[in-house]
Colleague: 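One structure, pasted below without further comment.
In this chain, numbering begins with 1 at the start of the sequence shown.
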Amino acid sequence: MTAPDGTAQAGAAPASTAPAGAASRGFAILRGGVTDAAATAAEAERLGYHAAWSPEFYTRSAIVSLAAMAQATTRARIGSSIAYAVGRTPLVLAIEARSLDELSGGRLVYGLGTGTTKMMADWHGVDPSGPASRMEELLPLLRRLWRLHEEPVRHDGRFYHVDVTPTAEMTPPVRVDIPLFTAGVNTRMVEVAGRVADGFLGHPLFSPRYYDDVVRPAIAAGAAKTGREVEHVQIAGLVICSVADDEVQARREAAAQIAFYAAPRTYGTVVDVAGFGEAGERIRAAFASRDFDAMAAAVPDAMVDAMSASGTPAQVGAKLKEFGRHIDHVIVYPASFGMTDERSRQVTADLLKAATPG
C-alpha cells in the first residue's frame with residue numbers, strides 16, 4: 001500500500017515486502033534500553049520482518065531508540081509506536097523526523113500520539129483540551145516544515161504559533177513526505193488518521209472486532225470529511241504476544257499485559273466494545289488496590305483470546321494471521337508486565353522466531 005504521494009507505507013521496506021494481499025509484519029519492543037531496541041531491530045530485519053518499531057514511555061525515548069535502530073538496520077522500515085507529539089514543538093518534531101529519515105536512508109515512519117488527557121496535563125504540562133484538533137493542526141504543519149527549504153513557514157493556529165524564516169542556505173531533506181501515522185482510541189481521535197494522516201496505529205488492547213466495528217468506520221468518516229480516499233490510510237496494530245511451550249504460562253503472561261493496559265478508565269470503551277465490561281471493572285478495582293496478581297486473574301480466557309496472540313508457537317502464528325485479516329500491518333508486541341528481565345528477554349527472543357513473517 002502507498003500513500004497519496006506514492007511513498008511506500010510502513011510494511012513496504014525496499015527489500016522486504018509482504019506478499020500481495022497479505023498483512024505485513026513488524027516487531028516492537030518496550031522493555032529494555034536503547035541498545036536492546038537496536039539489537040531487536042537488527043534481528044527482526046535478519047529474520048525478514050518488514051518493520052521494527054519503538055514505543056515511548058517514561059523509561060525510553062522513541063527518538064533516540066530509532067536513531068540506534070536506524071544504524072543497526074539497512075532494509076526494514078523503522079517507526080515510532082508512538083512518539084509523544086505533545087511536549088515537543090512542531091519544529092523539534094520536524095527536525096527529529098528529518099534527521100531520523102536521513103540516518104535510515106528514507107525508512108522512517110513517524111507515529112505520533114498525544115497519550116491520555118492525564119498524561120498530556122501531568123506528564124507533559126500542556127493543555128489537554130482538544131487532542132484530536134491539536135493533531136489535525138500539527139500534521140499539516142510538519143509537512144510544511146519539511147519544505148522549509150522552499151519557503152518560510154508562518155502559522156498562527158489554536159495550538160501552535162510558528163514563524164520560521166531560514167537565515168542560511170538549506171539543503172532539502174531526504175524526503176518531504178515522511179509517512180505520518182497517528183494513534184487514538186475513541187472515535188473522534190481515530191478520525192484524525194482519516195482526515196490528515198498516512199496511517200493509523202492501533203492500541204495493544206484492540207481486538208479484530210474493534211478494528212472492524214470502530215476503527216475502519218471512523219477512519220472512513222474522517223477521510224470523507226476532508227475528501228480523501230480511505231484506501232490511502234494504512235491500519236497498523238500492536239498485538240500483545242507471549243509464547244512458550246507451556247500454553248498456560250504464555251496466556252497468563254498475556255493476561256497480565258492486558259490487565260496493565262485495561263487498568264486506566266480511558267480504555268474502558270475498548271474493553272466494553274469487546275464485550276468485557278465486567279472484567280474491566282474488576283481489573284480497575286484490583287489496580288486501585290495495586291494488586292497486580294488480581295488484575296491478571298480478572299482477565300478471562302475469552303479476553304486473552306480476543307486481545308492477544310499467545311500460547312505455543314503454532315497458536316501465536318495462527319492468531320497473528322487472524323489479526324492480519326483485519327488490518328494491514330501486524331506489529332508483534334511482546335508481553336513484559338510483571339516479568340523478570342530474564343523471562344522478558346526470553347519471550348522477545350522466542351517471539352522473534354515464532355512470529356517470523358511467512
Colleague: Going from CG on Leu112 to CD on Glu56, what distance comes out if it is rounded to the nearest 0.5 angstrom?
Modeller: 9.5 Å
Colleague: How many angstroms lie between CG in Leu201 and OG in Ser80, if you round to the nearest 0.5 Å?
Modeller: 7.5 Å
Colleague: Sequence neighbours left out, what passes ring pair (Phe, Tyr, Trp, His ring centres under 6.0 Å) with Phe337? Give chain and number order.
Modeller: Phe260, Phe292
Colleague: Any idea which heavy atoms bring Phe323 and Ala306 closest together, and the distance?
Modeller: CZ-O, 3.8 Å
Colleague: Which is it for Leu30 and Phe57 under the side chain to side chain contact (heavy atoms under 4.5 Å, CB included) test, yes or no, and what are the steps along the way?
Modeller: CA-CA 8 Å; Leu30 177 61; Phe57 206 44; 3.9 Å; yes
Colleague: Find out whether Glu102 and Pro173 are in side-chain contact, i.e. whether some heavy atom of one side chain is under 4.5 Å from a heavy atom of the other.
Modeller: no
Colleague: Which residue pairs pass the side chain to side chain donor-acceptor pair (under 3.5 Å) test with at least one member in residues 274-296, sequence neighbours excluded?
Modeller: none
Colleague: Keeping the roles fixed (side chain from Arg143, backbone from Ile178), state whether a donor-acceptor pair exists under 3.5 Å.
Modeller: no
Colleague: Checking the side chain of Tyr210 only, and the main-chain atoms of Val185 only, is there a donor and an acceptor separated by less than 3.5 Å?
Modeller: yes
Colleague: When you look at Val299 and Val304, which way does the side chain to side chain contact (heavy atoms under 4.5 Å, CB included) test go after all the steps?
Modeller: CA-CA 7 Å; Val299 179; Val304 175; 3.8 Å; yes
Colleague: Thr312 and Gln315: side-chain donor and acceptor closer than 3.5 Å?
Modeller: yes
Colleague: Would you name the heavy atoms of Ile331 and Ala236 that are closest together and state the gap between them?
Modeller: CD1-CB, 4.2 Å
Colleague: Between Glu191 and Arg228, is there a salt bridge with N-O shorter than 4.0 Å?
Modeller: no
Colleague: Can any side-chain N or O of Arg158 pair as donor or acceptor with the backbone N or O of Arg134 at less than 3.5 Å?
Modeller: no
Colleague: Would the number of heavy atoms belonging to other residues, nucleotides or ligands and lying under 6.0 Å from CZ of Arg265 be above 12?
Modeller: no
Colleague: Please identify each residue that fulfils ring pair (Phe, Tyr, Trp, His ring centres under 6.0 Å) with Phe276, with sequence neighbours left out.
Modeller: none
Colleague: Does Arg25 offer a backbone N or O that forms a donor-acceptor pair with the side chain of His50 under 3.5 Å?
Modeller: yes
Colleague: Are any non-hydrogen side-chain atoms of Ile235 and Ile219 less than 4.5 angstrom apart?
Modeller: yes
Colleague: Answer yes or no: is there a side-chain heavy-atom contact under 4.5 Å between Pro166 and Leu148?
Modeller: yes
Colleague: Please list, chain by chain and in numerical order, all residues satisfying ring pair (Phe, Tyr, Trp, His ring centres under 6.0 Å) with His326, sequence neighbours excluded.
Modeller: none
Colleague: Any chance the side chains of Arg60 and Ser65 put a donor and an acceptor closer than 3.5 Å?
Modeller: yes
Colleague: Heavy-atom distance under 4.5 Å between the side chains of Arg325 and Pro208, does that happen here?
Modeller: no
Colleague: Under the side chain to side chain contact (heavy atoms under 4.5 Å, CB included) rule, what do Met119 and Tyr84 come out as? Steps first, then yes or no, please.
Modeller: CA-CA 10 Å; Met119 291 162 68; Tyr84 295 123; 3.5 Å; yes
Colleague: Would Asp177 and Arg147 count as a salt bridge (Lys or Arg N to Asp or Glu O under 4.0 Å) if you check the C-alpha gap in whole Å, the side-chain angles of each, and the deciding distance to 0.1 Å?
Modeller: CA-CA 9 Å; Asp177 47 17; Arg147 293 183 179 274; 6.0 Å; no
Colleague: Can you tell if the side chain of Glu150 reaches within under 4.5 Å of the side chain of Pro172, non-hydrogen atoms only?
Modeller: no
Colleague: Report the residues that fulfil ring pair (Phe, Tyr, Trp, His ring centres under 6.0 Å) with Tyr333, sequence neighbours left out, ordered by chain and then residue number.
Modeller: none
Colleague: To the nearest 0.5 angstrom, please state how far the OG1 atom of Thr73 sits from the CD atom of Glu43.
Modeller: 13.0 Å
Colleague: Is there a donor in the side chain of Gln249 and an acceptor in the side chain of Glu253, or the other way round, less than 3.5 Å apart?
Modeller: yes
Colleague: Under 3.5 Å, is there a donor on one side chain and an acceptor on the other for Arg77 and Ser104?
Modeller: no
Colleague: Indicate yes or no for a side-chain donor-acceptor contact from Arg251 to the backbone of Asp301 under 3.5 Å, with no hydrogens or angles considered.
Modeller: yes
Colleague: Within a reach of under 6.0 Å around CG of Asp245, are more than 12 heavy atoms found that belong to other residues, nucleotides or ligands?
Modeller: no
Colleague: Looking at Ala279 and Met303, what are the two nearest heavy atoms and their distance?
Modeller: CB-SD, 4.1 Å
Colleague: Would you call Arg188 and Glu136 a salt bridge, taking side-chain N to carboxylate O under 4.0 Å as the test?
Modeller: yes
Colleague: Does a side-chain heavy-atom distance below 4.5 Å link Leu320 with Val332?
Modeller: yes
Colleague: Taking the ring of Trp53 and the ring of Phe27, is the distance between their centroids below 6.0 Å?
Modeller: no
Colleague: Are a donor atom and an acceptor atom from the side chains of Arg252 and Ser310 found within less than 3.5 Å of each other?
Modeller: no
Colleague: Decide yes or no for Val64 and Ser54: does some side-chain heavy atom of the first lie under 4.5 Å from some side-chain heavy atom of the second?
Modeller: no
Colleague: Is the ring centre of His203 less than 6.0 Å from the ring centre of Tyr261?
Modeller: yes
Colleague: Spell out, as yes or no, whether a donor-acceptor pair under 3.5 Å connects the side chain of Asp101 to the backbone of Leu108.
Modeller: yes
Colleague: What is the distance from atom CG of Leu145 to atom CG of Leu141, rounded to the nearest 0.5 Å?
Modeller: 5.0 Å
Colleague: Would the number of heavy atoms belonging to other residues, nucleotides or ligands and lying under 6.0 Å from CD of Glu247 be above 12?
Modeller: yes
Colleague: Is there a side chain to side chain contact (heavy atoms under 4.5 Å, CB included) between Tyr58 and Trp123? Walk through the geometry before answering.
Modeller: CA-CA 9 Å; Tyr58 47 63; Trp123 291 16; 3.5 Å; yes
Colleague: With distance as the sole test, does Asp350 use its side chain to make a donor-acceptor pair with the main-chain N or O of Val243 at under 3.5 Å?
Modeller: no
Colleague: So, Ser61 side chain and Ile63 main chain: donor-acceptor pair closer than 3.5 Å or not?
Modeller: yes
Colleague: Do Ile95 and Val164 belong to the same hydrophobic cluster, where Ile, Leu, Val, Met, Phe, Trp and Tyr are linked whenever their side-chain heavy atoms lie under 4.5 Å apart, directly or via other members?
Modeller: yes
Colleague: In Å, rounded to the nearest 0.5 Å, how long is the span from CE of Met189 to CG of Asn186?
Modeller: 7.5 Å
Colleague: Treating Asp36 as the side-chain partner and Gly33 as the backbone partner, does any N or O pair qualify as donor plus acceptor under 3.5 Å?
Modeller: yes
Colleague: Checking side chain to side chain donor-acceptor pair (under 3.5 Å) against Arg31, which of Asp341, Thr348, Thr40, Thr59 comes through?
Modeller: Asp341
Colleague: Please report the interatomic distance CG(Leu139) to CZ(Arg144), rounded to the nearest 0.5 Å.
Modeller: 13.5 Å
Colleague: With sequence neighbours excluded, give me every salt bridge (Lys or Arg N to Asp or Glu O under 4.0 Å) pair touching residues 108-123.
Modeller: Lys118-Asp122
Colleague: Contact between Leu205 and Ile258 at the side-chain level, heavy atoms closer than 4.5 Å - yes or no?
Modeller: yes
Colleague: Judged by atom type as modelled, is there a donor-acceptor pair below 3.5 Å linking the side chain of Glu45 to the main-chain atoms of Thr74?
Modeller: yes
Colleague: Work out which heavy atom in Ile283 is nearest to a heavy atom in Ala262; give both atom names and the distance.
Modeller: CD1-CB, 4.0 Å
Colleague: Please check if any side-chain donor atom of His155 sits under 3.5 Å from a side-chain acceptor atom of Glu137, or the reverse.
Modeller: yes
Colleague: Can you confirm whether Arg345 is buried at CZ, in the sense that more than 12 heavy atoms of other residues, nucleotides or ligands lie under 6.0 Å from that atom?
Modeller: no
